[in-house]
Amino acid sequence: MEGMTIMVELSSNLLFAAFFLYLAATICFSVSVTGRKWRDKQGEVTGNRLGTVGYAAAWIGFVLQAGYFFTRWIAAGHVPVSNMFEYTTFLGMALTIAFLILYGIYRTAVLGMFTMPIVMLIIAFASVFPTEVEPLIPALQSNWLKIHVTTTALGQGLLSIGFAAGLIYLIRTLDFTKRGKKVFWLETIMYSLLSLVSFILVRYIFRLFDYEAVFTYVNENGEQAEMVYYLPALVGPNEASLQTQGALEPILTMPAWIRSDDANTVIWSLAAGLVLYILLRLILRKPLGAVLQPLLKNINPDTVDEVSYRAIAIGFPVFTLGGLIFAMIWAQIAWTRFWGWDPKEVWALITFLFYAAYLHLRLSRGWHGEPSAWLCVIGFVIIMFNLVFVNLVIAGLHSYA
Amino acid sequence: MEKVKCECGHLNPYGTHLCESCGKPLDERDKQASMVDMRYEGVARRSQTYNKTVVDKIWNFFSSVKVGVTIIVLTLIASSIGTIFPQEMYIPGNVDPAQHYEEEYGIPGLIYYTLGFHNLYGSWWYMALIAGLGISLIIASLDRVVPLYRALKKQKISRNEGFLKRQRLFGVTETEQAEDVLEQSKEHLRRKRYNVKVEDGSLLAEKNRFARWGPYINHIGLILFLTGCMLRFFPGMYVDELVWVREGETQAVAGTEREYYVKNEEFFIETYDENDETFGPALERAGGNQIKTYQTNAVLYKSSGGTVGTEPELTKVKSDSIEVNHPLRFDDYALYQYDYKLNELNVMSLSMNNRESGEKIGTIDIDLFDPEGEYDLGNGYRVVIESYFPNFEFDENGEPSTISDIPDNPAFIFRMFSPEHPDEGEYSFVAIRSNEDIFGENTYEMSFEGVETKNVTALKVRKDHTLPFLIAGGSIFMIGLIQGSYWSHRRIWLRRFGNELWAAGHTNKHWASMKKEFQALSEKTGMTVPEDKQAKKAMEEHTSDGRDDNNGRT
C-alpha cells in the first residue's frame with residue numbers, strides 16, 4: 001500500500017478507537033451518576049471517582065479523534081470537513097470539545113452521561129455516508145473552509161450541550177405520573193433518538209447483507225434515470241421499474257420531485273424506531289423518561305439549568321462568528337456576494353434568531369428552568385434540520401454530500 | 001415629575017424601585033418581597049414610568065423585550081417559509097414563475113406563488129419586520145442603558161439593610177472579629193481581581209462591570225449593520241455587472257464608466273485526475289470528471305482619455321489569474337470568475353470548389369463576429385456574403401432568421417461569382433450539417449474546411465460601498481456579544497452591624513460560579529456561605545425526599 005492509503009486507513013482506525021473511548025466514558029459517567037449500588041468490599045461508594053475516569057476517557061477519545069482528524073487532513077491535503085461524513089464526524093468532535101469545556105467548569109458527571117452517547121450517535125450517523133476522501137470543488141478551495149466550517153461546528157457543538165443539559169432538566173423535573181402534553185413531547189424526543197439509533201442499525205444490517213435494489217425511473221426532468229436503493233424499497237421512485245431480481249417491489253411510488261431513496265430511509269428509520277420504542281415500553285412498562293428519572297434524583301435542576309444556559313452563552317457568539325460572519329466573508333469571496341438567501345444561509349440565520357430569542361427570554365421572569373429546557377430542545381432540532389434536511393433534501397449551494 | 005428622596009439623601013428619578021445609591025427598596029412591592037428584582041438595578045426606566053402620550057405608547061411598545069422577541073420569532077418563521085420552495089432568483093431564468101411554481105410543485109406551489117412567497121425576502125412585510133427589529137433595538141437599548149449607566153456609576157459602598165437581605169445570595173456571620181474578616185476579605189477579593197472599596201465597616205467588591213455594556217454595544221453593531229443593508233436601496237452604492245470576454249479579446253469592465261478594460265488571455269478548466277491515489281475511489285463513485293479549477297488569465301488596463309466612440313488608449317494595470325475564491329481586485333472593484341463557455345465558434349474556414357472536378361478555387365476565413373462582405377479569391381472568383389445568421393433557425397413564417405448574435409449555429413447565404421457566372425453569381429446556403437443549392441444546379445459550392453474555437457469567460461464585476469458599514473457593524477456586534485457573554489458582572493457586599501457581618505452577592509448570570517466565589521471566601525475568612533434563596537426553592541419544588549444535592553459532582 002502507498003503512503004496516503006495507509007494514512008487514510010490509520011485515520012479510520014483512530015476514529016474507531018475514539019468511538020470506543022466515548023463508549024467507555026459513557027459507561028463511567030452513567031455508573032458515576034447512578035452509582036449508589038456499586039459499592040466496594042468496605043461498603044464505600046466508589047461511583048463518584050468514576051466521573052473523573054469518564055472525564056479522562058472522554059479526553060483520550062478526543063485526542064484519538066483529533067488524531068483521526070489530522071491524519072485525514074494530511075492524506076486529503078485539505079481540512080476534512082467537506083462532505084457529510086467529514087462534517088458530521090467533526091460535529092461529534094466539536095460536541096466533545098464543548099463537553100470538555102463545560103465539564104471543566106461545572107464537574108457534572110450527568111452531563112457526560114447524556115453527551116457522550118449523543119457524540120457516539122453522531123459519529124455512527126456520519127459513518128452511514130460515503131467515507132472516501134473526496135477532492136474539493138473550486139468553491140471550497142479556500143482557507144475559509146477550515147475557518148468557517150470548524151467555527152460553525154464548534155458553535156453548534158456548544159449549543160447542542162445546551163440541549164443535552166435541557167434534556168436532563170426535563171427528565172429530572174417532569175411529573176411522569178400525569179400523562180399530558182409534556183410527557184408526550186419528552187417521549188417524542190426519546191422516540192426521535194431511538195429512530196436515529198434504528199436508522200444506523202438498519203443501514204448497518206442491510207449493508208452487512210450487501211442489499212441492493214436497482215430501479216429505473218423517470219426523474220424530475222422527465223428523463224429515464226437509475227437509482228440504487230440500499231434498503232428494501234417501501235416507497236419507490238416515480239414510475240419505478242425494479243431491475244434487481246429478488247428485491248422487494250415498492251408498495252408505493254413517489255412523485256419525481258421527492259428524493260424517494262431518502263424518503264424510503266426516513267420511513268424505515270421511523271418505523272424501526274417505533275418498533276424499538278414499543279418494545280422498550282412493553283418491557284419497562286413506563287414512559288422512557290420515567291425510567292431514567294430515578295437515576296437523576298440527586299441532580300440539582302438549578303445547576304443543570306445553568307449549565308444549559310452557559311453552554312448557549314458560550315456557543316452563541318462562536319456560532320454567530322462561524323455561521324454568519326465568517327460565512328458572509330467567505331461568500332463575498334467565493335460567490336461574489338455576502339448574502340444570497342441560500343437555504344443553508346437562511347437556516348443559519350434562523351438558528352441565530354432562535355438563540356437570540358432564547359437569550360432575550362432568559363431576561364424575563366418565568367422563562368428559566370423548564371421553558372428554557374424546551375427551547376434548547378427546539379434549538380437542537382433546528383441545528384439537526386439544518387445539518388440533515390437542508391443539505392440532503394432542499395436543493396441549494398450547500399448540497400455537497 | 002418630582003424626584004424621590006431616599007433616606008440616604010440621594011435624589012432618585014420618579015419611578016425608581018431601588019435607590020440608585022444605597023439600594024433601599026422604594027416601592028411597596030419590593031419592601032414586601034423576600035428578594036428584590038435586580039434587573040437593571042431597579043432603575044426608573046422611561047417605559048415603566050410613563051404611559052400617557054402616543055409617544056409614550058410607541059416607546060413602551062418597542063422597548064418591551066416581549067415585543068422584541070415576538071418580532072424575532074416572526075422573522076424566524078417568515079424566513080423559514082422562504083426555504084420551502086426555491087426563491088424566484090434560484091429558478092431557471094427562462095421560465096415564467098407564474099407557471100413554474102405550479103408545474104413543479106403542484107397546488108402548494110401555486111399557493112406559494114400567489115402569496116408572494118417566491119420573493120419573500122424582498123417583500124414589503126419582510127422589510128417591515130426587519131425595520132421593526134431595528135426600531136426595537138434602538139428604543140429597547142436606550143430605555144435601559146441610560147438609567148443603568150447612572151445607577152452603576154452612583155452606587156454607594158455601604159448598602160441599605162433592606163437591599164442586602166433581599167438579595168438572592170445573603171448570609172449573616174456572627175463573629176467577634178468582624179473587622180478582621182472584612183480586612184481578610186478585602187485582601188482575598190483583591191487577589192481575585194475584584195475592584196474592592198471599603199468604607200467604615202462596609203465593603204463593595206465588583207468585577208467585570210463592562211460586561212453589562214455588552215448587549216448595548218452589540219445592539220449598536222446590529223443597528224450599524226442594518227443601516228449598511230438599508231444603504232443598498234440608494235443608487236450608486238454598489239455595482240453588480242457581468243462581462244463576457246472571449247480569449248484574446250479586451251472588453252470594457254461594465255460598471256466602471258469605461259475607465260477599466262479587461263483582457264482574457266486564456267480561460268481553461270482543469271479536472272481531477274481519476275487515477276489519483278487518494279481521490280480515485282471517490283471520483284469513481286461520482287462518475288469522474290470532477291472540476292478542479294476554473295481559471296481566467298486576465299490583464300487589467302486603465303483607459304486614459306478616449307470618449308465614447310474613439311479608440312481608448314490603454315495602459316496595463318496588472319495581470320492576474322482569476323479563479324473561484326481568488327478575484328482580481330482593483331480600486332474598490334473586484335472581478336470574479338462567474339461563468340464560462342467552452343469552444344465557442346470563432347472563425348470558420350470554407351472553400352469554394354468546382355462541384356464536378358472537385359478543384360479547389362480558394363479558401364476564405366470568416367470571422368464569425370465580424371464577417372467581411374466580400375472575399376476576393378482572384379482570377380475573377382469572389383464570394384459575397386448575402387446573409388449571415390449567427391444562431392440560425394427558421395422563424396414562425398419558415399423564413400431563415402437568427403436567435404441571437406452569438407454564433408452558436410452559424411448559417412450563411414453565399415453568392416459565388418466566377419468567370420462562368422460573372423454577373424449574377426450562384427447562390428449557396430451553408431449551415432452546420434447542411435449545404436444546399438438554393439436555385440438548383442450550381443457549378444460551384446462552398447464546403448466546410450475547418451473551424452477555430454475560443455473559450456469565453458464571464459467575469460462578475462462587484463463594488464460595494466455598503467461593505468465598510470457591514471464590516472464595522474459586524475465587528476462591533478461581535479465585540480459586544482463576546483463582552484456580554486464571556487464575562488459576568490459580579491458584586492459582593494459586606495457590612496458590619498455590631499457582631500454581625502452581613503454578606504450579599506449579585507451577578508447578572510451564572511450563579512453557580514458566583515457561589516464558588518463565596519465558598520472560596522468562606523474558606524479564607526471563616527465567613528458563613530450565603531444561602532441561595534432561589535436554588536433552595538427550586539430543590540424543594542423538585543425533590544420528593546429532599547436528600548443530598550451533589551449534582552453527580554466528582
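The analysis underlying the following values was restricted to heavy atoms, covering all of them including side chains, and did not include hydrogens, waters or symmetry mates. A, B, ... follow the sequence lines: proteins, then strands. Residue 1 opens every chain.
Taking B:V69, B:N325, B:V324 one by one and counting their heavy-atom pairs under 4.5 Å with chain A, the maximum is reached by B:N325. Heavy-atom pairs under 4.5 Å with chain B peak, among A:V304, A:V133, A:T336, at A:T336. Of all the listed residues (A:E306, A:Q141, A:E132), the one sharing the greatest number of non-hydrogen pairs under 4.5 Å with chain B is A:E306. Between chain A and the options B:K509, B:K66, B:M89, B:M478, the largest number of non-hydrogen pairs under 4.5 Å is found for B:M478. If you tally non-hydrogen atom pairs under 4.5 Å between each of B:T293, B:D532, B:I291 and chain A, the highest count goes to B:I291.
Considering only heavy atoms from C-beta on, A:V346 comes within 4.5 Å of B:Y121 through its side chain. Residues B:S513 and A:R310 have side chains in contact (heavy-atom distance under 4.5 Å, counting atoms from C-beta outward). A:Y358 places none of its side-chain heavy atoms less than 4.5 Å from the side chain of B:I72. Side-chain contact between B:L467 and A:F338 is present, with at least one heavy-atom pair separated by less than 4.5 Å. The shortest side-chain heavy-atom distance between B:S79 and A:W347 does not fall under the 4.5 Å cut-off. Under the 4.5 Å side-chain criterion, counting only non-hydrogen atoms from C-beta, B:P327 is in contact with A:I333. At a threshold of 4.5 Å between non-hydrogen side-chain atoms, the residues B:Y336 and A:Q332 count as touching.
Residues A:A75 and B:T278 share a closest heavy-atom pair of O-CG2, 3.4 Å. Summarising the geometry of B:L283 relative to A:P135, their closest heavy-atom pair is CD2-CG, 3.8 Å, with the distance given to 0.1 Å. Closest approach of A:V318 and B:Y486 over heavy atoms only: CG2-OH, 3.3 Å. Closest heavy-atom contact between B:Y40 and A:L363: OH-CD1, 4.1 Å. Across every non-hydrogen atom of A:T320 and B:F477, the tightest pair is CG2-CE2, 3.5 Å. Contact detail for A:L353 and B:T75: the closest heavy-atom pair is CD1-CG2, 4.0 Å.
Residue contact with chain B, scored on non-hydrogen atoms closer than 4.5 Å, involves the side chain of A:L349 exclusively. With a 4.5 Å cut-off on non-hydrogen atoms, A:F29 does not touch chain B at all. Looking at A:M113, there are no atoms closer than 4.5 Å to chain B (heavy atoms on both sides), in backbone or side chain. Contact of A:I329 with chain B is not made at all, since no heavy-atom distance falls under 4.5 Å. Neither the backbone nor the side chain of B:I71 comes within contact range of chain A; no heavy atom of the residue lies under 4.5 Å from a heavy atom of that chain. For chain A, no part of B:Y238 is nearby; none of its heavy atoms comes within less than 4.5 Å. Contacts of B:N508 with chain A are absent, with no heavy-atom separation under 4.5 Å from either backbone or side chain.
For B:F225 and A:W339, the distance between ring centers is not under 6.0 angstrom.
How far OG of A:S364 is from CZ of B:R39: 6.5 Å, rounded to the nearest 0.5 Å. Separating the NZ atom in B:K516 from the OH atom in A:Y106 is a distance of 7.0 Å, to the nearest 0.5 Å. Atom NZ of B:K515 and atom CG of A:D302 lie 6.5 Å apart (nearest 0.5 Å). Atom CD1 of B:I77 is separated from atom CZ of A:F354 by 11.0 Å, given to the nearest 0.5 angstrom.
Within 6.0 Å of NZ on B:K292 lie no more than 12 heavy atoms contributed by other residues, nucleotides or ligands. Around atom CD of B:E284, no more than 12 heavy atoms belonging to other residues, nucleotides or ligands sit under 6.0 Å away.
Classification of the A:W341-B:Y126 ring pair by plane angle, with boundaries at 30° and 60°, yields perpendicular.
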